Amino acid sequence: MTFEGLGIDERLIRATTELGYVNPTAIQEQAIPVLLSGTTDFIGLAQTGTGKTAAFGLPLLHVIDAAAKYPQALVVCPTRELCLQIVKEIELFKKYMTGVSVVAVYGGSSIGLQIRDLKRGVQIVVATPGRLIDLIERKAINLEQIKYVVLDEADEMLNMGFQDDIEFILKNTPQRDSTWLFSATMPPEIRKVSKRYMKDPKEVTVGKVNMANKSIDHQYYLTTAQHRYETLKRIIDFNPGIYGIIFTRTKIDAQEISEKLTREGYDIDALHGDLTQGQRDKVMGQFRDKSLQLLIATDVAARGIDVQGITHVINYELPDDVEVYTHRSGRTGRAGNQGICISIIHAKEAYKLKQIERINNSQFHKLDIPSGKDVCRKQFFHFMDKLLSTDISHGDYETYVPMLAERFADVSKEDVLKRVAAMEFDRFLKYYENAEDLNLRDKGRREPAERGGDRSSTRERDGGRGDGRKEYSRGGSGGGYSRLFVNLGTKDGFFKASFLQFILDMSDLKKEALGRIDMKDMNSWIEIEKGAAQQMIRSLDGKNYKGRRIRMNDADSGGRR
Ligand code: AMP
């Protein structure tokens, strides 16, 4: 199949040919002919990296009216990074089309400038939900004439708490001719949205939904909690050509590990919620152009990051949510490449592997943490490969050869190689000379992940939310949720996403601690892990919000505090 055969505009074919696209990908082949009609609703279930952006971007450019200078197409996606990525790709596709404008609107940057951009007469708006609603409320964008709405990474948007916002957007686009929804998975909430707002959608699945990407090798290393950091270092050292993302649960971990590794000479920087937009852009820029080899990030900060060529994803700790694992590992093994997802775990976490295996239908491989010797050997051969593949065709090296030959007349080739190796490796060899065994050795028993269903620990539950979201059971004791009441609601100017961000920022808790959030005009109810409830209450109760005193208490304990 070719792009011509799919029926898209010749100017778009010219642009994609220049980009090196020869054949459409599976999702493009199935989506483009449907979307070109402009009137058929569409659901595309496909992982990132399958060419989704072109699958909707090309048809959008084909169907919009370049002569009409108002927003006709709206692409909604979960994050700023994805928003910019989509705009960048659409800009490339429209290279030979005149009079077509596309604009990105997202939170965290000047709304004034974005309003000005919108006024220029754009046809395609690519937006994150929160900022879009802000713009709708300010009447800076008119959705009356929007004909096409694309929801990209719909499951990710729902994970982030944007469900109400999405429904709001769909309700406010009354002239919609068609809705195009793309998602990696199909949780019940998305099914609900599609039933409510879409008409006989044509549904297409590329690969298997809910299945982990087969091009990823899932590996794990078993160690003790206090050896986690050393193990991480050893993994990095054992993979000299690594270009990877390390995930931590907390921003403090991300920051501390990044600082420690930097001090020890590693090429790494951290990405977390405490950075300013400018700092974030700088780190991402360096990582993207590979002047930074490693990025360490929290899940929230890394959302939507789309970087090609990631060789390894490393879970410094396993996440609590299976879907988070899938999202993390999905950063590697993209666009036909192979990738490796490594998890560093200690014995108590091993049951989680079983759950991930079952839900993702993937298999973990247990590897031994390399010994100091293994690391040195690997580094040595990597260096020798580099030496052998160094390009010496440029430069005047030939002119130095006679001089070098004279200088090295009494030194054998073997000795030269040994000296080069020593120069490069002495520090390494010394460091690893007496390196300890970091593996947690299981004395005669099977590894926990290989044991058959340990019923109490591998049970799944959905936290009583009844929303089908999968979580690990928390080993029996201390599990479960509390429900908190708070006297803040939509009347205070919050949408679910901004409210979620607000309570997380105030409490310094992570999103994973939260369950369902119910917002009403004046009050809200928050489900939160029992162990985290007091921290949330302490952080918010009695504080001020826009001059009003926040009241927060356990909703089910009856009394006010
Ligand atoms: P996406 O799933 O949209 O993030 O795309 C993944 C990557 O594949 C992007 O870098 C695209 O530029 C690239 N890509 C998309 N479609 C094609 C195609 N038909 N041929 C080759 N590369 C493609």
Side-chain angles (χ1 to χ4, degrees), residues 1-33 35-36 42-62 73 75-95 102 104 124 126 150-157 180-185 204-209 211-216 243 245 284 287-290 302-311 313 326-339:
M1 182 56 86
T2 59
F3 281 101
E4 282 91 344
L6 295 179
I8 56 170
D9 191 297
E10 175 274 328
R11 292 167 296 177
L12 295 169
I13 293 173
R14 244 194 297 161
T16 47
T17 308
E18 270 184 28
L19 289 172
Y21 296 9
V22 181
N23 302 108
T25 63
I27 185 76
Q28 290 161 5
E29 208 175 299
Q30 302 195 61
I32 292 174
L35 301 182
L36 287 181
F42 179 84
I43 297 177
L45 295 174
Q47 308 268 353
T48 38
T50 51
K52 275 186 302 140
T53 318
F56 65 77
L58 295 170
L60 268 191
L61 288 165
H62 185 106
V75 181
V76 192
C77 64
T79 64
R80 169 183 187 278
E81 273 79 18
L82 189 58
C83 204
L84 290 168
Q85 180 81 19
I86 293 171
V87 168
K88 203 166 106 198
E89 286 206 37
I90 294 182
E91 294 277 3
L92 292 171
F93 300 150
K94 75 177 187 66
K95 182 172 173 189
V102 50
I124 302 176
V126 184
V150 183
L151 303 174
D152 192 20
E153 300 206 352
D155 50 353
E156 191 90 334
M157 290 200 275
W180 312 349
L181 184 153
F182 288 84
S183 188
T185 57
V204 160
T205 303
V206 171
K208 283 222 170 97
V209 180
M211 283 261 287
N213 198 330
K214 283 286 183 248
S215 51
I216 302 170
Y243 176 50
I245 305 185
M284 273 319 294
F287 186 58
R288 236 183 259 286
D289 68 24
K290 299 199 174 169
R303 276 241 151 76
I305 288 180
D306 180 46
V307 178
Q308 298 299 310
I310 303 274
T311 60
V313 164
T326 313
H327 284 132
R328 287 182 178 184
S329 59
R331 307 306 163 101
T332 184
R334 307 182 55 172
N337 296 320
Q338 284 296 117

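The structure presented is a predicted model; accordingly, all values stated were derived computationally and were not measured. Indexing begins at 1, ligand by ligand and atom by atom, following the structure's order.
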Which of parallel (below 30°), tilted (30 to 60°) and perpendicular (above 60°) describes Phe93 and Tyr21?
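The arrangement is perpendicular - the two ring planes meet at more than 60°.
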Indicate, as side chain, backbone, both or neither, the part of Gln85 found under 4.0 angstrom from ligand 1 when only non-hydrogen atoms are considered.
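No part of Gln85 is near ligand 1 at this cut-off.
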Using a 4.0 Å heavy-atom cut-off, say whether Phe3 meets ligand 1 through its side chain, its backbone, both or neither.
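Only the side chain of Phe3 comes within reach of ligand 1.
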Sort out for me which residue in Val102, Ile124, Ile8, Asp9 forms a side-chain contact (heavy atoms from CB on, under 4.5 Å) with Leu61.
Ile124
Quick one: closest heavy-atom pair of Ala55 and Ile32, and the distance?
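Of all heavy-atom pairs spanning Ala55 and Ile32, the closest is O-CG1, 3.8 Å.
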Is the shortest distance from a heavy atom of Thr16 to ligand 1 less than 4.0 Å?
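No, Thr16 has no heavy atoms under 4.0 Å from ligand 1.
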Identify whether the distance between the nearest side-chain nitrogen and carboxylate oxygen of Arg14 and Glu18 falls below 4.0 Å.
no
Could you list which atoms of ligand 1 come closer than 4.0 Å to a heavy atom of Asn23?
18 (C), 19 (N), 20 (N)
Give the numbers and elements of all ligand 1 atoms closer than 4.0 Å to a heavy atom of Thr53.
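By the 4.0 Å cutoff, the relevant atoms are 1 (P), 3 (O), 4 (O).
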Out of Phe56, Phe182, Phe93, Tyr21, whose heavy atom is nearest to atom 23 (C) of ligand 1?
Tyr21
Using atom types as modelled and distance alone, determine if a side-chain donor or acceptor of Thr311 lies under 3.5 Å from a backbone N or O of Tyr243.
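Side chain of Thr311 to backbone of Tyr243: a pair is present.
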By the definition salt bridge (Lys or Arg N to Asp or Glu O under 4.0 Å), identify the one residue from Lys88, Lys95, Lys94 that meets it with Glu91.
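Answer after filtering Lys88, Lys95, Lys94: Lys94.
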Could you tell me whether some N/O pair between Gly51 and ligand 1 is separated by less than 3.5 angstrom?
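There is such a contact, yes.
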